[in-house]
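Everything below concerns the one structure shown next.
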Amino acid sequence: MAKAQPPLQLVLDEITECARASEAFGKVADYIPELAGVNPGQFAIAIARPGHPTLVAGDSDVPFSIQSVSKVFMLALALGKLGDQLWSRVGREPSGQSFDSMLLLELEKGYPRNPFINAGAIVTTDAVLQGSSPRETLGSLLRFIRAAAGDETIHINDRVAQSEIATGHRNFALAHYLRSHDNLKNPPELTLGTYFHQCAVEMTCTQLANAGLFLVGGSRTPRLVSEARIRRINALMMTCGHYDGSGDYAFRVGLPGKSGVGGGILSIVPGVASIAVWSPGLNHYGNSKLGTEAMEQLTTRTGWSVFGPHMTKGG
Ligand code: DON
């Protein structure tokens with residue numbers, strides 16, 4: 001006799017079925033040529049909870065390029081290295097602009113609004129890189145991610161990094177502009193080489209959900225950053241993690257989240273769960289279209305929201 005499925009697993013299966021039935025995938029990022037050929041029909045979702053087996057559905061074992069989701073892990077490293085001094089180089093306000101925008105950077109004299117827009121992420125990587133080499137910095141990043149996920153197989157896809165090095169003209173423009181304001185301490189090529197490789201970390205949805213557990217907090221999650229830092233990183237993910245779509249994500253999903261143009265989203269239910277979703281097609285903000293819709297369905301059905309009166313632990 002078939003065993004009854006736990007309710008949360010059923011919810012994930014139904015969300016996956018619904019995503020699979022949709023043909024409105026959005027558009028795969030093609031400004032990084034190596035990502036342009038990814039099949040947009042893929043979908044995966046995973047939930048990691050302290051003390052529970054990770055629940056998965058869909059293409060949860062297919063590796064994808066985490067891209068800007070990596071900015072969360074690099075921010076954790078930067079805060080570990082610089083503490084509050086980081087805020088002298090990058091702000092913590094939403095930008096209301098696209099992830100690669102240059103507009104505010106000129107108006108605000110090379111001080112990026114937050115660590116998740118590209119300009120702010122480049123400064124964050126530059127800060128971690130200072131006094132060490134790209135190899136050491138990327139080694140620290142991989143050690144952090146592997147420890148967070150409890151998985152030593154997580155790696156960087158060098159082809160994706162090289163593809164972006166060859167075509168990342170906007171990021172080069174941002175880096176040189178930052179340098180002109182003395183807010184880039186390493187040569188632009190060095191910082192960007194590191195940044196592009198960080199973005200080229202590959203993970204499956206299962207690995208990403210597990211890697212997010214360090215932001216859930218509590219005694220049964222990896223203790224990689226302090227509770228105070230967990231709160232701050234989650235606050236930045238809520239206010240800035242989806243760029244000019246951050247308000248929309250907070251409104252629809254109600255959880256801190258960080259997106260990447262590879263189609264991944266990492267969202268945190270503080271004290272309860274780490275959720276990863278992946279679908280490569282993007283909406284007009286550059287965030288996963290079906291991924292955002294799936295997160296909205298999941299939080300609607302579970303009642304998970306940092307804004308709600310009752311946060312349940314889920315089924
Ligand atoms: O720097 C870039 O443009 C990419 N490596 C990362 C951008 C990204 O993932 C934006 N997120 N939705």
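Whatever order the structure lists them in is the order used to number ligands and atoms, beginning at 1.
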Does the distance from a Lys or Arg side-chain N to an Asp or Glu carboxylate O, for [X] and [Y], drop under 4.0 Å?
{"X": "Asp84", "Y": "Arg232", "result": "yes"}
{"X": "Glu93", "Y": "Arg113", "result": "no"}
{"X": "Asp151", "Y": "Arg146", "result": "no"}

Query raised in the report: Between Ser88 (side chain) and Gln85 (backbone), is there a donor-acceptor pair under 3.5 Å?
Result: yes

Query raised in the report: What residues, two or more places apart in sequence or in another chain, satisfy side-chain contact (heavy atoms from CB on, under 4.5 Å) together with Ala44?
Result: Asp59, Ser60, Cys205, Trp278

Report summary line: Sorted by chain and residue number, the residues having a heavy atom closer than 4.0 Å to an atom of ligand 1 are Tyr31, Gln67, Ser68, Phe99, Asn118, Glu164, Asn171, Tyr195, Cys199, Tyr243, Ser259, Gly260, Val261, Gly286, Asn287

Requested in this report: Measure the acute angle between the ring planes of Tyr243 and Phe99, then classify it against the limits of 30° and 60° as parallel, tilted or perpendicular.
Outcome: tilted

